[in-house]
Amino acid sequence: MDEQRVRERGGPVRWWRHGPPWPGHREDEEPGSRWPWRSTVLLTAFVLIGSNFAAHQQQVERAALDPFARVLLTVAAGLLLWRHRHPVPVVFGTAAVTAVYLGAGYPYGPVLLTVAVACFAAVVAGHRRAAWTALGVLWAVHLLVAHWLYRWLPPSGDRPASFAQEIVVATWVVVIVAVSELARTRREQWARERAERAQAARRRADEERLRIARELHDVLAHSLSVINVQAGVGLALLDSDPEQARTALTTIKSASKEALGDVRQVLDTLRTPGDAPRAPAPGLDRLPELVEQAARAGLTVDVTGKPPPLPPGTDLAAFRIVQEALTNVVRHSGSRHARVHLDQAGAALRLRIDDDGPAVGTDAGGSGNGLAGMRERAAALGGTIEAGPRDDGGFRVLAVLPTASGPQR
């Protein structure tokens with residue numbers, strides 16, 4: 001159903017490029033086209049309120065939050081509004097503002113969350129090196145401030161940071177990088193899986209179209225060939241032998257009725273997927289009907305051999321191959337006699353259809369579509385088709401089909 005909705009929209013869905021759709025995300029939007037207003041406002045409020053709370057809870061003396069500190073906090077969080085459109089400037093901007101904030105001696109707190117979110121957005125967007133560089137620069141600035149520049153920066157009387165604090169900062173940086181990389185990997189995996197599903201859906205649709213086209217070709221080519229031959233007979237004998245002309249018209253009526261039934265059966269496959277077919281697919285058990293139809297078209301067919309029990313797919317393919325081969329004899333051969341031989345060789349069924357020729361016109365042996373359809377049917381079952389003129393004249397079609405059911409390609 002997902003692939004069907006994709007085709008109805010006329011193109012691939014958008015969300016797979018960045019993972020599954022989150023609440024509020026529309027599939028028809030380009031990546032980066034949305035402004036994350038709600039999340040940015042919530043983050044800004046959290047950073048301002050949380051920093052004020054952290055200022056009262058920290059044991060180490062830090063500079064008080066003044067208007068300049070609140071401006072820095074607002075700018076650091078506000079830059080996240082552009083994190084989808086311009087992830088690289090945003091990650092460097094938030095790192096720079098946070099470095100100024102920490103260098104001014106203001107309290108530690110949620111301001112570090114802005115850098116984490118910006119880094120996450122940059123890594124997911126594919127700018128890993130920029131995100132790592134921004135984090136590395138921020139960490140280097142922190143080291144300089146905490147172990148050297150603290151003498152000249154506020155608050156007065158500050159002491160160098162402990163190694164335990166540096167371990168905490170290093171752990172924080174590693175966690176940010178790890179989470180961002182994990183998210184990037186997962187989204188790339190979602191993208192590959194989505195692309196594979198879309199490709200598989202297109203392949204199944206193409207195979208189904210080819211199958212239906214092949215069925216329609218085989219049904220219509222055979223019936224129309226019989227109708228064409230009998231129409232010519234009827235026109236030729238309309239005045240001299242009205243009774244024979246009547247027989248030809250009767251044959252035309254019968255062939256057209258059967259063709260309509262076969263076409264309806266093929267078109268039944270276009271109904272709702274999962275519905276059972278209304279009529280069983282034809283198989284070699286209908287070979288006598290095929291011989292009778294060929295006889296009405298003026299072609300005598302001798303059948304030798306008996307088909308073994310076959311899987312439905314192989315049975316249908318064998319019937320269609322014989323049908324197409326006899327149709328080609330009627331249309332393209334000057335011979336009015338054909339031979340069909342069935343033989344089981346191990347785990348394979350051998351079908352041989354011969355006529356004595358000579359070929360009429362340039363399409364000796366059949367049209368390109370008919371022979372291609374036979375080869376496609378055989379190949380789908382793991383079998384082979386050989387078709388070509390015989391050394392002693394005429395034309396031969398030799399099909400080898402497996403008698404055991406197996407996965408169709």
Side-chain angles (χ1 to χ4, degrees), residues 13-55 57 65 67-102 106-139 142 168-169 171-191 194:
V13 293
R14 305 294 185 183
W15 66 258
W16 66 264
R17 296 176 60 187
H18 292 284
W22 309 110
H25 180 76
R26 292 170 51 191
E27 293 184 0
D28 57 350
E29 292 176 334
E30 290 288 345
S33 64
R34 295 178 302 118
W35 291 93
W37 288 101
R38 286 183 294 181
S39 60
T40 302
V41 170
L42 290 175
L43 279 170
T44 303
F46 177 77
V47 167
L48 290 173
I49 297 173
S51 297
N52 187 65
F53 178 78
Q57 297 296 322
L65 289 177
F68 180 64
R70 290 184 169 82
V71 169
L72 291 176
L73 293 173
T74 304
V75 170
L79 285 173
L80 297 178
L81 186 63
W82 288 272
R83 64 183 183 272
H84 295 319
R85 293 172 178 257
H86 308 289
V88 174
V90 167
V91 72
F92 279 108
T94 54
V97 174
T98 303
V100 173
Y101 177 89
L102 297 178
Y106 295 121
Y108 295 100
V111 66
L112 301 177
L113 181 62
T114 61
V115 182
V117 173
C119 177
F120 180 88
V123 171
V124 169
H127 304 285
R128 306 164 63 191
R129 189 170 299 177
W132 296 349
T133 302
L135 282 177
V137 170
L138 179 59
W139 192 11
H142 175 267
V168 171
V169 174
T171 303
W172 176 79
V173 172
V174 171
V175 168
I176 291 177
V177 171
V179 172
S180 302
E181 289 293 337
L182 178 61
R184 180 189 62 83
T185 302
R186 287 296 301 163
R187 293 199 174 192
E188 289 180 353
Q189 181 179 352
W190 287 325
R194 181 66 179 182

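Everything numeric in this text was worked out from a predicted model, so none of it was measured. Start at 1 with the first residue, then count along the sequence.
- In this structure, Val111 and Thr94 have side chains that are not in contact, with every pair of non-hydrogen atoms separated by 4.5 Å or more.
- Under a 3.5 Å cut-off, the side chain of Tyr101 and the backbone N or O of Pro107 do form a donor-acceptor pair.
- Separation of atoms CG (Leu182) and OG1 (Thr185) is listed at 6.5 Å; rounding is to 0.5 Å.
- A donor-acceptor pair shorter than 3.5 Å can be found between the side chains of Ser39 and Arg83.
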* Please step through side chain to side chain contact (heavy atoms under 4.5 Å, CB included) for the pair Val75 and Val71, ending with a clear verdict. => CA-CA 6 Å; Val75 170; Val71 169; 4.2 Å; yes

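- The structure places CG of Leu135 at 9.5 Å from CZ of Phe92, a figure rounded to the nearest 0.5 Å.
- The shortest heavy-atom contact between Ala95 and Ala134 is CB-O, 3.9 Å.
- Remark: side-chain polar atoms of Arg70 are paired, donor with acceptor, to backbone N or O of Leu65 under 3.5 angstrom.
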* To do: Dump the intermediate steps for side chain to side chain contact (heavy atoms under 4.5 Å, CB included) on Trp35 and Thr40, then the final yes or no.
  => CA-CA 9 Å; Trp35 291 93; Thr40 302; over 6 Å; no

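- Closest heavy-atom contact between Cys119 and Ala131: SG-CB, 3.7 Å.
- The line from CZ of Phe46 to CG of Leu113 is 6.0 Å long, rounded to the nearest 0.5 Å.
- Using a 4.5 Å heavy-atom threshold, the side chains of Trp132 and Arg128 count as touching.
- Here CG of Leu73 is found 8.5 Å from OG1 of Thr114. Values are rounded to the nearest 0.5 Å.
- Proximity of Thr98 to Leu138: side-chain heavy atoms (C-beta onward) are separated by under 4.5 Å at one or more points.
- Listed here is the closest heavy atom pair of Thr44 and Ala77: OG1-CB, 3.3 Å.
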* Chi angles and distances behind the side chain to side chain contact (heavy atoms under 4.5 Å, CB included) call for Leu43, Leu80 -> CA-CA 9 Å; Leu43 279 170; Leu80 297 178; 3.6 Å; yes

* Between Val91 and His127, does a side chain to side chain contact (heavy atoms under 4.5 Å, CB included) hold up when you go through it step by step? -> CA-CA 10 Å; Val91 72; His127 304 285; over 6 Å; no

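- Taking all atoms of both residues into account, the shortest heavy-atom contact from Ala118 to Val90 is CB-CG1, 4.0 Å.
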